[in-house]
Number of protein chains: 2
Amino acid sequence: MKQKITLKHIAKELNVSISTVSKALKNSEEISRDTKEKIQAFARLYNYKPNNIAISLKNKRTKNIGVVIPDIVHHFFTTVIRGIEQYANQKEYNVIVCLSDESFDKEVINMEMLANGSIDGFIMSLSSGTQRKNDYEHLQQVVEQGIPLVLFDRVTDQIACDKVVIDDQMGAYKAVKRLLSSGRKRVGLITTEDYLSVSYKRNLGYEKALAEFGVEYQDELVLKLPSMEVDEQRIADFLKNARPDAVLSVNEIFGITAMRLIRDQGRKVPNDISVIGFTDGLLSQYANPSLSAIRQHGEEMGREAAKMLIEKVEGLTDSESFVTKILEPTLIERDSTIN
Amino acid sequence: MKQKITLKHIAKELNVSISTVSKALKNSEEISRDTKEKIQAFARLYNYKPNNIAISLKNKRTKNIGVVIPDIVHHFFTTVIRGIEQYANQKEYNVIVCLSDESFDKEVINMEMLANGSIDGFIMSLSSGTQRKNDYEHLQQVVEQGIPLVLFDRVTDQIACDKVVIDDQMGAYKAVKRLLSSGRKRVGLITTEDYLSVSYKRNLGYEKALAEFGVEYQDELVLKLPSMEVDEQRIADFLKNARPDAVLSVNEIFGITAMRLIRDQGRKVPNDISVIGFTDGLLSQYANPSLSAIRQHGEEMGREAAKMLIEKVEGLTDSESFVTKILEPTLIERDSTIN
DNA sequence: TTGTAGGCGTTATCAA
DNA sequence: TTGATAACGCCTACAA
């Protein structure tokens, strides 16, 4: 077993001092050509690579980014991670992924672990537990310690930090406007309760579009589920009782489920009911009929978050001033809507 | 901004030595009750937490696991990560995720970065680039350096290390047997070329089941695509020309796509053609009709891999002997197959 | 041109 | 009971 070699080994082997080796490997002018060549050759031969941990300790910089997300088995978060990785890798950062599992406690524990030197900064999206509890003390701590933080998608304005979001209100607005423009009269909304920041904003967009078209808001056309769990019974009842002729769903699973239940109830998508869903993941693309969707641009969001974070980490950006980058959602028209 | 506090700060503040502080915080018997209480109170007040990096350097143990996978926007890998996280978190390990993007070069670069002290061990699934190139030098290096390695799903027998796989051959066998038992005569296979270890084994299972039922293997009933990209045209041609009455697909996207094309060609699933797909992700569940699938037990695979790795890392397991854990795939019956 | 020494934050050994 | 010292691996200011 070839043990990893250190400066010390090389120094002893070649009868020079550690600092000479260090300098030689950095091609320092101070060291004679002969010595450098000898040392570099030896290092190459034994495949010397500096120890990241030692360098981190010395530099107080780990080149690691901590990413804390609620769930990884979720297309949107997964695309965000991909975006983060893209940018981070190119800047030679590694990504440590932690899952909060939608739980406040896990979010806190994970962040505390990482905050003790393991990472240079955080990129995160709040767990539903945290948003429900409305307690951001752990984020505040991190910020006060001077650890850069970028929040994405599920954010809070109670913390001053950089943020990247899509304009959720605009997304919902676009969708509902599109539905009303195509002649739909009873546009339903399947969403979650308001504590989730994104749901709240999407609900606003829904209302705004209705208002703009002079359509009165009707409670019975809005189904607010307590969580992101699919509750088929409630969705089925909603469809039957409220009799919408169009539905906007706050995520694609609700949308797909609604489409199936609509068919079960003997109505047709898109002829009888149009459906649009947030998120635009694989399900929307491959559904039958394919689901028109609000695309959230996860990869771009991830790249943007990583960029903002790394700029803060490397001090390229004023550490006291924060920006919120708002990406514009796109409406992707597929087969679940009529013109 | 509250800077992170160190032993040194505490020592200076309380006029004791660093080592006294260190011991006091570990509740050492050596230190007097008074001193301990004073120091502990102070530490609590200033929320002292030891620096992970310093501890890593000292202990030569990072409590980080490196996970290298081909792609993260992929339900199966994502469930594996979740399984890894579950086990790792509970053992207080963090997970560093790197994406090889199906590229040999990226895989090598990522591993080299992490191997320089950032992690205690690797869990990985080979990129298609690596399997195509059939070059495992980088894995060999890691192993020779004494870094524990666990391979999952896409593995190679050219490297001696722990492995976790599902029995891919068995999975395909089960599926094809099921199709033949229900009276199907022309069972097609949509797969990728053999360089992908899992495809190869699934192809074997397909052949085995045919043989067992005395059905002759026919080239025209097997479509081997060059990569995991969906090539609709080739799939459509295949369906039209080979006229299978059942299809097994090596992943769910091929399966879903086939179902749609079948319908476009005026045939019905499952009445005219049964379809079974590997992977069992969201698409299979929510497809219409829902897709019968071979479940790969990603989460369990992840937990198992993490367990094996951490046991090696912590020396609970002989570092010279390796096991391959084979999980049994499950056939999930849904609406795309008849009885 | 090369080497010494100190420090990053922690722990462990040994001395006081 | 407390403290000094060395060590983990690396870097760098300064001395030789």
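Letters go in sequence order (proteins before strands), and every chain restarts at 1. Just so we're clear, the structure is a prediction, and the values are computed from it rather than from any experiment.
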Would you say the side-chain atoms of A/Asp318 pair up with the backbone N or O of A/Glu320, donor to acceptor, closer than 3.5 Å?
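Side chain of A/Asp318 to backbone of A/Glu320: a pair is present.
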Check for a donor-acceptor pair, side chain of A/Thr35 on one end and backbone N or O of A/Ile31 on the other, with a separation under 3.5 Å.
no
Exactly one of A/Val67, A/Leu149, A/Asp153 should register a side chain to side chain contact (heavy atoms under 4.5 Å, CB included) with A/Met124. Which one does?
A/Leu149
What parts of residues 42-63 of chain B reach DNA chain D, counting only heavy atoms under 4.0 Å away?
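Those residues are B/Leu57, B/Lys58, B/Lys60.
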Of the residues in residues 24-40 of chain A, which ones touch DNA chain D at a heavy-atom distance under 4.0 Å?
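The stretch gives A/Lys26 as the residues lying under 4.0 Å from the strand, ordered by number.
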May I ask you to say whether B/Lys8 pairs ionically with B/Glu13, meaning some side-chain N is under 4.0 Å from a carboxylate O?
no
Can a salt bridge be assigned to the pair B/Arg82 and A/Asp71 using a cut-off of 4.0 Å between side-chain N and carboxylate O?
yes
Should the heavy atoms of other residues, nucleotides or ligands under 6.0 Å from NZ of B/Lys163 be counted, would the total exceed 12?
yes
Go through the structure and list residues passing side chain to side chain contact (heavy atoms under 4.5 Å, CB included) with [X], not counting sequence neighbours.
X	answer
B/Ile5	B/His9, B/Ile10, B/Phe42, B/Tyr46, B/Tyr48
A/Val313	A/Arg61, A/Tyr93, A/Asp120, A/Pro148, A/Leu309
B/Leu45	none
A/Lys4	A/Lys49, B/Asn116, B/Gln145

For A/Gln140, all residues meeting side-chain hydrogen bond (donor to acceptor under 3.5 Å, both in side chains), sequence neighbours excluded:
A/Glu144
For a 4.0 angstrom threshold against heavy atoms of chain A, report the outermost contacting nucleotides of DNA chain D in 5' to 3' order.
D/dC8 to D/dC14
For A/Lys8 and B/Val16, find the nucleotide of DNA chain D closest to each by heavy atoms; which residue's nucleotide sits nearer the 5' end?
B/Val16
Using the ring pair (Phe, Tyr, Trp, His ring centres under 6.0 Å) rule, collect all pairs that involve residues 114-154 of chain A, keeping only residues at least two apart or in two chains.
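Passing the test, one end in residues 114-154 of chain A: A/Phe104-A/His138.
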Contact boundaries of DNA chain C with chain B (under 4.0 Å, heavy atoms), 5' to 3'?
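First-to-last contact on DNA chain C, by the 4.0 Å heavy-atom rule, is C/dC8 to C/dC14.
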Which part of the nucleic acid, if any, lies within contact of B/Thr6, taking any heavy atom under 4.0 Å across all strands shown: a base, the sugar-phosphate backbone alone, or nothing?
sugar-phosphate
Is the NZ or CZ atom of A/Arg303 positioned over A/Tyr87's six-membered ring, under 6.0 angstrom from the centre and within 45° of the axis?
no
Is there a donor-acceptor contact under 3.5 Å linking the side chains of B/Ser127 and B/Glu107?
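Side-chain D/A pair, B/Ser127 to B/Glu107: present.
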Sequence neighbours left out, what passes salt bridge (charged side-chain N to carboxylate O under 4.0 Å, His left out) with B/Asp105? Give chain and number order.
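Per chain and number, B/Asp105 pairs via salt bridge (charged side-chain N to carboxylate O under 4.0 Å, His left out) with no residue.
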Find the bend of the helix from C/dT1-D/dA16 to C/dA16-D/dT1 as the angle between its two terminal axes (five pairs each), to the nearest 10°.
70°
